[in-house]
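These notes are about the structure you will find just below.
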Amino acid sequence: MIRVSTKRILSIGLSALFLIAAVVIYSTLIRSEIKVIDEKRTIVASKTVLFNNQQNAVNQVSELISKYKGVAKLQQTVSLAVPASENTIGALRQIEAIGRASGVQITSLSFTTSISKSKIKSFTKKLGVLSISIRAEDSYETLKNFLQLLETTVRVANVKTFKFQPGIPQPGSRAPVPNDTLNIMVEMYYQES
């Protein structure tokens, strides 16, 4: 029979052996796996940061593209108002359309171009001036409407001068009353190359 004291020593020794085995298993197996887990966590964290940075970059590029599209639309609108060349044919078509819309009869039209006198360098192109002399005939109301439409056209137009001459009937004549006449000097602008 084994004595109680021997059993205690054996149980203490066996407990110490289990404790040493647990420490060995912990130090060899579990600690190495903890290192692997820490490395994987580090990789996941760095990839998450990289993904967030790339997503921010993509968002910034998307915003820049949308702003560029807005600038392109703005530039297109500016090109309608102030074209890149004299574009006398476009100006002629515009004046003709305004004449048709208001119902006046354009009897004379002439174009002259002048170079901008500004010598100052700036971020924008220099503006050139397309001077247009127009003679139109009809009633006072339609001439007034023509002048108003000319001032509010798509292309930037500045009415420099205008002279109104009423149609005066000849005394004793049975001919119809002549039309009123409007002589206009208009400046339209364009961007010089």
At what distance, to the nearest 0.5 angstrom, does [atom1] of [X] lie from [atom2] of [Y]?
X	Y	atom1	atom2	answer
Met188	Thr88	CE	OG1	11.0 Å
Arg3	Ile9	CZ	CD1	9.5 Å
Ile106	Leu182	CD1	CG	10.5 Å
Gln165	Glu137	CD	CD	9.5 Å
Lys163	Ile184	NZ	CD1	13.5 Å
Thr142	Gln105	OG1	CD	10.5 Å

Would you say that more than 12 heavy atoms from the other residues, nucleotides or ligands in this model lie under 6.0 Å from the [atom1] of [X], or not?
X	atom1	result
Leu14	CG	yes
Gln148	CD	no
Phe111	CZ	yes

Of all heavy-atom pairs between [X] and [Y], which one has the smallest distance, and what is that distance?
X	Y	result
Asp180	Ser139	OD2-C, 3.9 Å
Asp138	Val104	OD2-CA, 3.8 Å
Leu149	Ser102	CD1-CB, 4.1 Å
Thr113	Tyr190	CB-OH, 4.1 Å
Leu150	Thr153	O-CG2, 3.3 Å

Checking side-chain contact (heavy atoms from CB on, under 4.5 Å) for the pair Asn183/Ile134: CA distance, chi angles, key distance, verdict? CA-CA 6 Å; Asn183 292 311; Ile134 306 169; over 6 Å; no
Quick one: list whatever passes ring-ring contact (aromatic ring centres under 6.0 Å, His included) with Tyr140, sequence neighbours left out.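 Once residues adjacent in sequence are excluded, the partners of Tyr140 under the ring-ring contact (aromatic ring centres under 6.0 Å, His included) criterion are Phe164.
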Name all residues meeting the salt bridge (Lys or Arg N to Asp or Glu O under 4.0 Å) criterion together with Glu141; count only those two or more places apart in sequence or in a different chain, and write none if there are none.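 Residues passing salt bridge (Lys or Arg N to Asp or Glu O under 4.0 Å) with Glu141: none at all.
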Salt bridge (Lys or Arg N to Asp or Glu O under 4.0 Å) against Arg93, all qualifying residues, sequence neighbours excluded: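 Listed in chain order: nothing, the list is empty.
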Would Asn87 and Arg155 satisfy side-chain contact (heavy atoms from CB on, under 4.5 Å), going step by step from the backbone distance to the final call? CA-CA 11 Å; Asn87 195 8; Arg155 187 168 174 179; 3.9 Å; yes
Quick check: does any side chain N or O of Ser46 sit under 3.5 Å from a backbone N or O of Ile43, one acting as donor and the other as acceptor?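 Judged by distance alone, yes, a pair lies under 3.5 Å.
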Has the side chain of Thr107 got a donor or acceptor atom that lies under 3.5 Å from a matching backbone atom of Arg135?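 Looks like yes, one N/O pair under 3.5 Å.
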State yes or no: do Met185 and Ile98 share one hydrophobic cluster built from I, L, V, M, F, W and Y residues joined by side-chain heavy-atom distances below 4.5 Å, directly or via other members?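 The answer is no; the residues belong to distinct hydrophobic clusters.
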Do Leu92 and Ile132 sit in the same hydrophobic cluster, where Ile, Leu, Val, Met, Phe, Trp and Tyr count as joined when their side-chain heavy atoms come under 4.5 Å apart?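 Per the 4.5 Å side-chain linkage, Leu92 and Ile132 are co-clustered.
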Considering only NZ, NE, NH1 and NH2 on the basic side and carboxylate oxygens on the acidic side, decide whether Arg100 and Glu96 come within less than 4.0 Å.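 Answer for the salt bridge query: yes.
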So Gln55 and Asn52, do their side chains get closer than 4.5 Å, heavy atoms only?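 Yes, their side chains come closer than 4.5 Å.
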Do Val186 and Phe162 pass the side-chain contact (heavy atoms from CB on, under 4.5 Å) test, and can you show the C-alpha distance, the side-chain angles, and the key distance before you say yes or no? CA-CA 9 Å; Val186 179; Phe162 66 92; over 6 Å; no
